[in-house]
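Heads up, the thing below is written out as structure tokens.
To find a chain, count down the sequence lines: A is the first, B the second, and so on, and within it residues start at 1. For the numbers below, each heavy atom of this structure counts, side chains included, while hydrogens, waters and symmetry mates do not.
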Protein chains: 2
Amino acid sequence: MIVTLSLQIAKLSVMLFTMDIQLKINMNEKLFLRDPEQSELGKKIILHSIQLIHSNGFEAFTFKKLAIDIGTTEAGIYRYFENKHRLLIYLTAWYWSWLEYQVTFQTNNIKDPTVKLKQVIKLLATTVENDHSTLYVDESILHQIIITEGTKAYLTKRVSEDNKDHLFKPYKDLCALIGNMILECNPDYKYPKSLASTIIEMAHFQNFFMNNLPSLTDFGQDKNEEEIVRFLEDLVFSSR
Amino acid sequence: MIVTLSLQIAKLSVMLFTMDIQLKINMNEKLFLRDPEQSELGKKIILHSIQLIHSNGFEAFTFKKLAIDIGTTEAGIYRYFENKHRLLIYLTAWYWSWLEYQVTFQTNNIKDPTVKLKQVIKLLATTVENDHSTLYVDESILHQIIITEGTKAYLTKRVSEDNKDHLFKPYKDLCALIGNMILECNPDYKYPKSLASTIIEMAHFQNFFMNNLPSLTDFGQDKNEEEIVRFLEDLVFSSR
DNA sequence: CTTGGATGATAGTAACACTATCTTTGCAAA
DNA sequence: TTTGCAAAGATAGTGTTACTATCATCCAAG
């Protein structure tokens with residue numbers, strides 16, 4: 001039996017099976033030339049690209065290396081994605097959609113807006129546990145990629161065109177969702193969206209700094225993500 | 001008459017002439033193969049690379065294009081910089097050193113730590129006026145570059161090696177300086193360095209979002225940098 | 001049985017990221 | 001004045017990247 005649930009949150013549907021729940025994220029069709037979720041090769045491209053971008057870094061990652069890794073040819077990859085930047089946007093869009101689902105799911109039924117927002121901060125700043133509901137995506141490695149490479153998806157000359165094609169919609173949706181939660185905590189606060197984008201980006205940047213440029217942070221040698229959570233909570237709550 | 005002043009802030013010296021003041025920023029020698037400030041060609045490389053990175057974006061910027069623009073050859077550029085990423089690190093390091101000087105200069109003699117910190121936020125978030133004391137660098141275009149490309153200097157696989165060579169020292173120095181100013185405002189605050197890196201990055205990100213992905217911010221159509229200043233002030237002061 | 005869409009195999013091109021070498025120029029010490 | 005030497009110019013070449021094109025194969029639906 002397959003039931004498709006329509007959630008409030010945009011573009012997400014969940015397929016429920018008797019024994020096993022699988023998450024299906026509907027992606028904007030402009031992100032790819034051929035839908036990678038519709039074939040084995042496509043799924044391999046996603047799986048292996050996450051691993052290769054993580055191990056090589058985005059700059060040194062090439063479609064040639066990906067093709068060899070998968071056991072196909074460059075031309076085969078190009079049938080799915082226009083270029084590696086589009087693939088990066090695809091991966092980030094997938095991640096933000098998945099995270100929006102996590103946020104919605106994990107804050108469901110929490111009445112107290114403060115508790116809710118704290119839960120969101122925890123989700124943003126803490127390493128994700130791989131939930132196995134998405135079979136061909138490794139969320140914890142993807143999380144690492146988003147920390148290091150995520151901003152490169154939009155920090156380009158093409159950002160306005162890409163935005164017109166709604167490629168950043170999942171990111172903007174998540175930001176709007178969190179912005180509204182901030183407003184629930186304090187309806188008079190004047191910068192909910194800017195604060196939302198700030199905590200989203202800083203959850204990642206402070207993590208990167210902690211692990212690579214630690215003198216830019218106040219988090220000790222233990223490299224504890226809990227400290228990032230406390231910093232962000234302080235940032236959000238001691239004012240509002 | 002030439003007088004060389006040694007300032008507290010590291011690696012900065014100011015040469016004072018009778019009629020004319022020139023700023024000379026001492027750069028880490030690992031940033032280049034041959035010091036671009038010591039020759040006409042080197043200065044042209046800096047000047048034209050700022051313009052070309054701004055007009056093409058860093059990804060589409062190449063040494064070939066730069067060479068043609070200047071009227072020299074690719075090989076000529078490679079005598080000064082190992083590759084375009086090193087050149088980017090050079091430009092960002094120069095910018096952060098220059099900004100640290102600005103911060104030190106513009107907050108000098110301000111006693112009230114709150115007024116001081118507000119002045120810093122203004123400097124971080126407001127378009128710089130070209131002060132002409134640095135003849136071959138256009139600070140306002142460089143500021144635009146740092147907004148869009150600045151994080152790419154350190155968001156790489158090589159970040160730890162580059163950090164060992166102290167390539168990010170100017171950024172870390174600025175962050176430490178601002179962190180100390182935050183502590184002056186509230187000696188008990190637990191995250192001065194993280195808050196400092198947050199306002200530095202957010203001064204740029206909110207500017208980028210305002211101009212390119214405005215729904216991630218609360219700043220209207222007028223695209224006023226003053227609103228970013230107010231957001232950052234609120235972030236820093238309503239808590240501390 | 002055939003037909004079309006996905007894939008595989010192979011080739012090719014322009015640009016990019018360098019490295020090498022040889023010549024010329026300009027200036028400065030001997 | 002000559003010699004020397006470093007910076008810059010000129011040219012060439014190599015391996016890789018980022019694609020595009022073409023043709024053969026395979027497999028499943030009609």
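- Counting any heavy atom pair closer than 4.0 Å across all strands shown, T73(B) reaches a base atom.
- Nearest nucleotide to the side chain of A75(B), out of dA17(C), dA20(C), dT10(C): dA20(C).
- Atom CD1 of I70(B) and atom C1' of dG9(D) are 14 Å apart (whole Å).
- Taking atom NZ of K44(B) as the reference point, atom P of dA7(D) lies 17 Å away to the nearest angstrom.
- For N83(B), the side-chain atoms get nearest to dC18(C) when compared with the rest of dC18(C), dG9(D), dT10(C).
- Atom CG of L41(B) is separated from atom P of dT25(C) by 17 Å (rounded to the nearest Å).
- Using a 4.0 Å heavy-atom distance criterion, K64(A) is classed as making no nucleic acid contact.
- Among the protein residues, F81(A) comes within range of no part of the nucleic acid, since none of its heavy atoms lies under 4.0 Å from any strand.
- We find that CD1 of I68(A) is positioned 13 Å from P of dA18(D), with the value rounded to whole Å.
- A donor and an acceptor atom never sit less than 3.5 Å apart when one is taken from the side chain of R34(A) and the other from the base of dG5(C).
- Taking the ring axis of F81(B) as reference, the NZ or CZ atom of R86(B) does not stay both within 45° of it and closer than 6.0 Å to the ring centre.
- Taken from CD in E37(A) to CZ in R34(A), the straight-line distance is 15.0 Å, to the nearest 0.5 Å.
- Residue K84(A) contributes atom NZ, which lies 14 Å from atom P of dC16(C) at whole-angstrom precision.
- At least one test fails for K152(B) against the ring of F58(B): distance under 6.0 Å to the centre or angle within 45° of the axis.
- Backbone-only engagement by Y80(B) is indicated by non-hydrogen atom pairs under 4.0 Å involving sugar-phosphate atoms exclusively.
- For the pair Y78(B) OH and dA10(D) P, the interatomic distance rounds to 18 Å; values are reported in whole Å.
- Closest to the T72(B) side chain, of the nucleotides dG8(C), dG9(D), dT19(C), is dG9(D).
- The ring of Y80(B) has its center no closer than 6.0 angstrom to the ring center of Y90(B).
- As rounded to whole Å, 19 Å separates atom P of dT16(D) from atom CD of E59(A).
- Ring to ring, Y154(A) and F209(B) are close: their centroids are under 6.0 angstrom apart.
- Atom CZ in F63(A) sits roughly 19 Å away from atom P in dT16(D) (whole-Å rounding).
- Residue R79(B) places a side-chain atom within donor-acceptor reach of the base of dG9(D), judged by atom type and a 3.5 Å distance cut-off alone.
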